[in-house]
A.B. asks: 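Quick one: the structure is below, questions incoming.
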Amino acid sequence: MTELSKAYEPKQYEDAIYKKWEESGLFNPDVCVEKGVTEPKSEHFSIVLPPPNVTGTLHMGHAAMLAIEDVMVRYHRMKGDRTLWVPGTDHAAIATQAKVEKLLIENEGKTKYDLGRPEFLKRVEKFAQESHDTIVNQARKMGASLDWSREAYTLDEKRNLAVRTVFKKMYDDGLIYRGHRIVNWDPKGQTVISDDEIVYEERKNKFYTFKYGPFEIGTARPETKFGDKYVVMHPDDKRYKKWKHMQKITVEWINAPIEATVIKDPMIDMEFGTGVMTITPWHSHEDFALAEKYKLDKEQIIDKEGKLLPIAQEFSGMKITEAKDKIVEKLKTKGLLVSVDENYINRIATAERTGGVVEPQVMEQWFVNVNKPVKERGNKTLKELMQDVVKNKKIEIVPDHFEKTYFHWIDNLRDWCISRQIWFGHQIPVWYKGEEVYVGVDAPAGDGWQQDSDTLDTWFSSGLWTFSTLGYPDLKAEDLKNYHPTSVMETGYDILFFWVARMILMTTYVLGDVPFKTVYLHGLVRDEQGRKMSKSLGNVINPLDMIAKYGTDATRLSLLLGNTPGNDMKLSEEKIAGFRNFTNKLWNISRFMLLNIEEPKIDVKEPKAKTLADEWILESLEIMKSLVEGSIVKYNFAIAGEMLKEFTWNHLADWYLEIAKVEGGKSEILNYILNNILKLWHPYMPFVTESIWQEVYGEGRSLMVEKWPSSVHSLGSFGDERNVDFLIVKEVIEKIRSLRAEYKIEPAKKIGAKINIGKKEKVVKDNEDIIKALARLEKLEFVESGAEIALDLAGAVDVEKEKPRLEKEIAEIKKYVTGLENKVSNKEFVDNAPKAVVEKEQEKLSEAQSKLAKLQEQLANLK
RNA sequence: GGCCACUUGGCUCAGUUGGUUAGAGCGUUGCAUUCACAUUGCAAAGGUCACUGGUUCAAAUCCAGUAGUGGCUACCA
């Protein structure tokens, strides 16, 4: 029999174990069937990994994601399900391109234009490849049991085919259209971005009031005001009653008098400013909407670089930032400036990836129409399809309050602009020749066709992820049939809109099915002060560092326990260190058990209990098993882990193993318990459990594919009488230990004790040896009067110390008894509460009363 | 402005459908080290469950309101 080393050294085992798992092929469900560890007809369980961006390395958030998903996957695999977890990475178009552009400037002082499109793309691909390699290595370090044979990339050929196929389908269905619409232009990134890629920043801004003919108008953006020839007010505003809708007036303005048109529309807030504003349809979403409504002219004022166009005359060519003050100055000189509010705070739209200030522009772009009925899908619009599957519970969101957020987002959803003016990404599958436009999966035949130079929003390809990874567009693909819809989508709540919603949109439309049955949303991993982890704050905890220092299992536990669905969690190195201690504890528990197991065996049935302690531990194990499994299937991974930990550390290590030292002869029970806890812990701590398993049971069988030990009892079928008996033994020991500590008796010193336990005397007598050993007694006497438990001390009890201690205890219990007496004598309580509750209360009262009597007797004896 | 979540001992959090004297870990205090583990064990101190009101025999738990914190969202130019 091999003996385990004194402390667990993760480094000695982890890489080798992972390599073995991977080489065995058992991460692949097909291999599991081939090798007979999974029945071919068993249920399918599938997760598609949210693909990390190839912009760098994995952070703790990714680590948490991998840990949570791996728990589910390993549980289901052991459960016997055909379990598939598909890995992959995301090209993250804008983010990756922006990162490479930044590096190019920093390292070589060059822009992408210096390199040209083909050369620049080579650089991006090289960078993406390196990031990819780092990421998959990190995922392996985390112990993630991903089926690498199915690895995918959002920009590889298969995914590109899926993208082109879906684009064509949507175009044919009239869901994708090209049009001049107002979009979010990022002058810094030189591309259009979607509404979701905007980050709003609150900034202090000057708010001006200008004279505009007979009106006073307010604005924070005088630089856009050149073309303002519409003045808008609320139709019910009495102050402006005399002006009629569409009435024309001539007003003096920045460069010359202009003919302005009065528009009356209820969108105007009468309370704000003067209740009058002018509009700039080309550079404001709201103004654009108004202009569409009344068929107003739209004029471009600002170009794509953020410079003023010739319409600004003397300001033409100036950056809007520098022109602003000059324009105000000019209006002031002309006597048109009324007032300036210096403390106005407004929200500036900035591009998430580049930080550029977004300038709305009217441009010709490609859009997905979210409000057009789709014939093939019962004339439902994409919006309706997205709403329906969540409303009718085909998709369950955990935690469920995110459903509200989801619906709210859909309600406010506008057509989705999918074209981007960046180089890295899926090129739009559209070709032009003169006036002709061709949309197809493949390029059109013949010469002279030019492909659209734009690329697709990265979320277009991510939206297909659950099915593009499983064989689409081949609708007969085995994987698509077997593993779609996927069982669970586990991801961060911060990408509910970006991604989860878009997968639902794409899948309900393309396949007429849901992409997943359950969405489990995790929170963000923050530092110990609750701040986001960021390089600039220097508070980033790197998963690889923690793995090197404390081991993967400890790192995983720190991310799994104390982490509840939808809530952010705080992580500190101390927490990880704490779980390293537990990992080592499990190791040492196994080490001790191994020393007491005659012949380690797998596939053992529950052994017969010989003593009360045996019964107690076996029953505790069963109860724990059924609670743990119940929690896992309900996505309460933290609770399941905590119950396991409680059992392992408190029940097993602190009590049962100590008792085993006294009672002896526990080989079979220990073997059975070890078998069980290694399996139960495996999804949480795959490395240490597999290491122990192979040390103990040999290397022939991998714990990873052992059968999950479900409880043979259903919950609630446990009789608790014997369990309670053991708790009495435990209480006696605890009480004696407590008294010893209070009397400051040396721990090693053996003393005598007297016990007055009434009808439970037999239980205590049967377990006398245990009590003597664990409480360090040389003699235990049973008496019929006096204190419940009293210690024989060498000298007399120190009355001075003992009296106040007893008095305090009596006072406390008196309070408790009084409370119970009031409760039990309360007629309303007795009448209304369930019988069982009333009986329980009465029982508690009589117990407390007898305890009180004993204490009082003890106090009297002292005097 | 709207919506959502959160508020429990010094810190991090449990507390499942209302029913023992509200639990755990870390930290703190005291004691212990040839016996699986000091990456340990034993014992202890520490909480008016944010506040106010309501429902109920019974509220940390349900309802309403208030305050604070965090987040999402919106067309106040």
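Order of the sequence lines sets the chain letters (A, B, ...), proteins ahead of strands, with each chain counted from 1.
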A.B. asks: Within 45 degrees of the ring normal and closer than 6.0 Å to the centroid, is that where the cationic atom of A:Lys851 sits relative to A:Tyr816?
C.D. replies: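 A:Lys851 over A:Tyr816 ring: no.
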A.B. asks: Can you work out whether A:Trp649 or A:Lys404 has the more 5'-proximal nearest nucleotide on RNA chain B?
C.D. replies: A:Lys404
A.B. asks: Using the test ring pair (Phe, Tyr, Trp, His ring centres under 6.0 Å), find all partners of A:Phe497 that sit at least two apart in sequence or belong to another chain.
C.D. replies: A:Trp409
A.B. asks: Would you tell me whether A:Ser194 and A:Glu197 have side-chain atoms, one donor and one acceptor, within less than 3.5 Å of each other?
C.D. replies: yes
A.B. asks: Taking everything shown except A:Glu746 itself, do over 12 heavy atoms lie less than 6.0 Å from its CD?
C.D. replies: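 Counting other residues, nucleotides and ligands, CD of A:Glu746 stays at 12 neighbours or fewer.
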A.B. asks: Roughly how far, to the nearest 0.5 Å, is the CZ atom of A:Phe687 from the OG1 atom of A:Thr555?
C.D. replies: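 If I round to the nearest 0.5 Å, the distance is 10.5 Å.
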A.B. asks: Quick one: which of A:Leu290, A:Thr224, A:Asp228, A:Ile217 gives a side chain to side chain contact (heavy atoms under 4.5 Å, CB included) with A:Ile279?
C.D. replies: A:Leu290
A.B. asks: In whole Å, measure the gap between the P atoms of B:A43 and B:G23 for me.
C.D. replies: 16 Å
A.B. asks: Is it the case that the side chain of A:Asn584 and the backbone of A:Arg580 share a donor-acceptor pair, with hydrogens and angles ignored and the cut-off at 3.5 Å?
C.D. replies: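 Absent.
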A.B. asks: Considering only the P atoms, how many Å lie between B:C63 and B:C31, rounded to the nearest integer?
C.D. replies: 49 Å
A.B. asks: Within 45° of the six-membered ring axis of A:Trp655 and under 6.0 Å from that ring's centre, is NZ or CZ of A:Arg737 located there?
C.D. replies: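 Geometry flag: set, cation within 6.0 Å and 45°.
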A.B. asks: Looking at B:C37, does its base get a donor-acceptor pair with the side chain of A:Lys585 below 3.5 Å?
C.D. replies: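 Indeed, a donor on one side and an acceptor on the other fall under 3.5 Å apart.
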A.B. asks: Given the C1' atoms of B:U29 and B:G9, what is the spacing between them in whole Å?
C.D. replies: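 Per the computed distance, 15 Å lies between those C1' atoms.
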A.B. asks: OP1 or OP2 of B:C75 less than 4.0 angstrom from a side-chain nitrogen or oxygen of A:Ser284, does that happen here?
C.D. replies: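 No, because none of the side-chain N or O atoms of A:Ser284 sits under 4.0 Å from OP1 or OP2 of B:C75.
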A.B. asks: Check this for me: does the side-chain of A:Arg740 come within 3.5 Å of the base of B:A43 through a donor and an acceptor?
C.D. replies: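 A donor-acceptor contact between them is absent.
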A.B. asks: Below 3.5 Å, does any donor atom in the side chain of A:Lys749 face an acceptor in the base of B:A32, or the other way round?
C.D. replies: no
A.B. asks: When the P atoms of B:G10 and B:G47 are considered, how many whole Å apart are they?
C.D. replies: 8 Å
A.B. asks: Distance between the P atoms of B:U28 and B:G71, in whole angstroms?
C.D. replies: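 My reading of the P atoms in B:U28 and B:G71 gives 32 Å.
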A.B. asks: What is the distance from CD of A:Glu695 to P of B:A36, rounded to the nearest Å?
C.D. replies: 19 Å
A.B. asks: For B:C11, does either OP1 or OP2 sit under 4.0 Å from a side-chain N or O belonging to A:Lys575?
C.D. replies: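 So the side-chain polar atoms of A:Lys575 never come under 4.0 Å of the phosphate oxygens OP1 or OP2 of B:C11.
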A.B. asks: Dot-bracket for RNA chain B, please. Rules: Watson-Crick or G-U, both distances under 3.5 Å, ( ) within the strand, [ ] when a pair crosses earlier ones, | for another strand, . otherwise.
C.D. replies: (((((((..((((.....[...)))).(((((.......))))).....(((((..]....))))))))))))....
A.B. asks: For A:Phe210, which of A:Tyr212, A:Tyr208, A:Phe207 qualifies under ring pair (Phe, Tyr, Trp, His ring centres under 6.0 Å)?
C.D. replies: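 The ring pair (Phe, Tyr, Trp, His ring centres under 6.0 Å) with A:Phe210 is passed solely by A:Tyr208 among A:Tyr212, A:Tyr208, A:Phe207.
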A.B. asks: Pick the P atom in B:C11 and in B:U17, then give their distance to the nearest Å.
C.D. replies: 27 Å
A.B. asks: Starting at the 5' end of nucleotides 14-25 of chain B, put B wherever the base has a protein heavy atom under 4.0 Å, S where only the sugar-phosphate does, and a dash everywhere else.
C.D. replies: SS---BBB----
